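There's a structure below that I have some questions on.
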Amino acid sequence: MRKIEHIGIAVKSLKESNLLFEKLFGQPPYKEEEVVSEGVKTSFFMNGPNKIELLEATNPDSPIAKFLEKKGEGIHHIAFDVNDINEEVIRLKNEGFVILNEIPKKGADNKLVVFLHPKGTNGVLVELCQEIK
Ligand code: ZN
């Protein structure tokens with residue numbers, strides 16, 4: 001596992017939060033993207049070397065809708081950059097972590113992604129992501 005690739009924040013309104021984070025960072029998001037399969041609309045901000053992803057639910061069954069219902073707005077996941085996502089899945093499985101999707105799926109921002117169950121990681125939803133080349 002390498003550096004933190006981004007931090008994901010669940011928000012009720014992407015439109016309102018885009019304006020808020022634009023004020024915070026002094027620049028607008030560099031990209032907005034919908035991931036239909038996950039029921040989310042996302043936006044991405046760069047602030048220096050740090051990337052922040054905002055996530056809004058697009059339907060009531062979306063994992064983000066459920067998160068907002070349970071916990072409200074806030075940090076949703078921490079994503080780590082990995083070199084070989086399949087290798088990491090095997091390694092972490094052998095270490096006893098519960099992998100939510102063992103087969104990497106296509107996430108936002110040109111990434112293959114895998115999530116670890118937060119029950120096994122002190123309540124933190126961990127995302128592994130590998131850039132699609
Ligand atoms: Zn993410």
Side-chain angles (χ1 to χ4, degrees):
M1 243 185 265
R2 302 190 292 199
K3 62 164 188 158
I4 290 177
E5 213 284 331
H6 63 269
I7 293 174
I9 299 174
V11 303
K12 285 183 193 153
S13 160
L14 200 61
K15 206 175 151 205
E16 281 172 28
S17 296
N18 276 345
L19 292 173
L20 181 73
F21 279 78
E22 181 171 343
K23 273 190 225 163
L24 184 67
F25 296 141
Q27 54 188 340
Y30 68 87
K31 147 187 289 197
E32 278 189 45
E33 191 179 341
E34 184 168 353
V35 184
V36 177
S37 59
E38 295 294 300
V40 294
K41 237 167 38 186
T42 65
S43 64
F44 288 90
F45 290 84
M46 285 304 292
N47 182 47
N50 303 308
K51 189 191 284 183
I52 299 292
E53 173 185 30
L54 303 183
L55 305 111
E56 175 195 71
T58 54
N59 69 64
D61 295 324
S62 159
I64 295 301
K66 287 174 186 154
F67 180 89
L68 288 171
E69 216 171 88
K70 246 168 97 180
K71 299 192 171 167
E73 293 181 298
I75 293 182
H76 177 257
H77 64 269
I78 300 180
F80 292 93
D81 181 39
V82 298
N83 193 29
D84 184 332
I85 200 163
N86 292 304
E87 209 172 85
E88 276 300 288
V89 166
I90 293 167
R91 184 180 76 80
L92 295 170
K93 227 180 121 178
N94 286 338
E95 293 285 3
F97 290 96
V98 179
I99 319 283
L100 287 173
N101 59 301
E102 288 185 25
I103 298 167
K105 52 190 177 185
K106 190 159 183 323
D109 207 24
N110 197 42
K111 299 278 192 291
L112 285 175
V113 299
V114 164
F115 288 94
L116 306 188
H117 200 294
K119 274 186 188 157
T121 46
N122 289 147
V124 178
L125 179 61
V126 172
E127 173 184 338
L128 309 176
C129 59
Q130 181 187 337
E131 179 111 42
I132 299 170
K133 283 166 195 156

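Note that the numbering runs from 1 along the sequence shown for the chain. What you see is a predicted model; the values in this text were computed from it and never measured. Values reported hereafter were calculated over all heavy atoms of this structure, with side chains retained and with hydrogens, waters and symmetry mates removed.
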Applying the 4.5 Å side-chain criterion to the ILVMFWY set and letting contacts propagate, would V35 and L55 be lumped into a single cluster? yes
Do the non-hydrogen side-chain atoms of V98 and L116 ever get within less than 4.5 Å of each other? no
Salt bridge or not for K111 and E127, using N-O below 4.0 Å? no
More than 12 heavy atoms from other groups under 6.0 Å of CD1 on I75: no
Just by modelled atom types, is the T58 backbone N or O under 3.5 Å from a matching donor or acceptor in the S62 side chain? no
Same cluster (ILVMFWY, side-chain, under 4.5 Å), F44 and L14: no
Give a yes or no on whether I78 and M46 share a hydrophobic cluster (residues Ile, Leu, Val, Met, Phe, Trp, Tyr; joining criterion: side-chain heavy atoms under 4.5 Å apart). no
Please tell me if the side chains of H76 and K71 come closer than 4.5 Å, counting only heavy atoms from C-beta onward. no
Atom CG in L54, atom OG in S13: separation rounded to 0.5 Å? 10.0 Å
State the OG-NZ distance between S37 and K106, to the nearest 0.5 angstrom. 9.0 Å
Please tell me whether L24 and F45 are part of a single hydrophobic cluster in this structure, the criterion being side-chain heavy atoms less than 4.5 Å apart. yes
Side chains of K31 and D109: does their closest heavy-atom pair fall under 4.5 Å? yes
Does V114 reach the side chain of I99, with side-chain heavy atoms less than 4.5 Å apart? yes
Same cluster (ILVMFWY, side-chain, under 4.5 Å), L92 and I85: yes
side-chain contact (heavy atoms from CB on, under 4.5 Å) between E88 and Q130, intermediate numbers included: CA-CA 10 Å; E88 276 300 288; Q130 181 187 337; over 6 Å; no
To the nearest 0.5 Å, atom CD1 of I64 lies from atom NZ of K12 at 13.5 Å
Distance, nearest 0.5 Å, that separates CG of D81 from NZ of K51: 8.5 Å
Interatomic spacing from CG in L112 to CD1 in I103 - rounded to 0.5 Å: 12.0 Å
Distance check, rounded to the nearest 0.5 Å: H117 atom NE2 versus N101 atom CG? 12.0 Å
Any chance the side chains of E32 and N18 put a donor and an acceptor closer than 3.5 Å? yes
Is there a side-chain contact between E53 and I9 in this structure, where contact means two heavy atoms from C-beta onward sitting under 4.5 Å apart? no
Would you say that V82 contacts R2 through its side chain, given a criterion of any heavy-atom pair below 4.5 Å between the two side chains? no
Measuring centre to centre across the rings, with the benzene-like ring taken for any Trp, is F115 within less than 6.0 Å of H77? yes
Is a salt bridge present between K41 and E34, judged by a nitrogen-to-oxygen distance below 4.0 Å? no
Backbone N/O of E33 and side chain of T42: donor-acceptor pair under 3.5 Å: yes
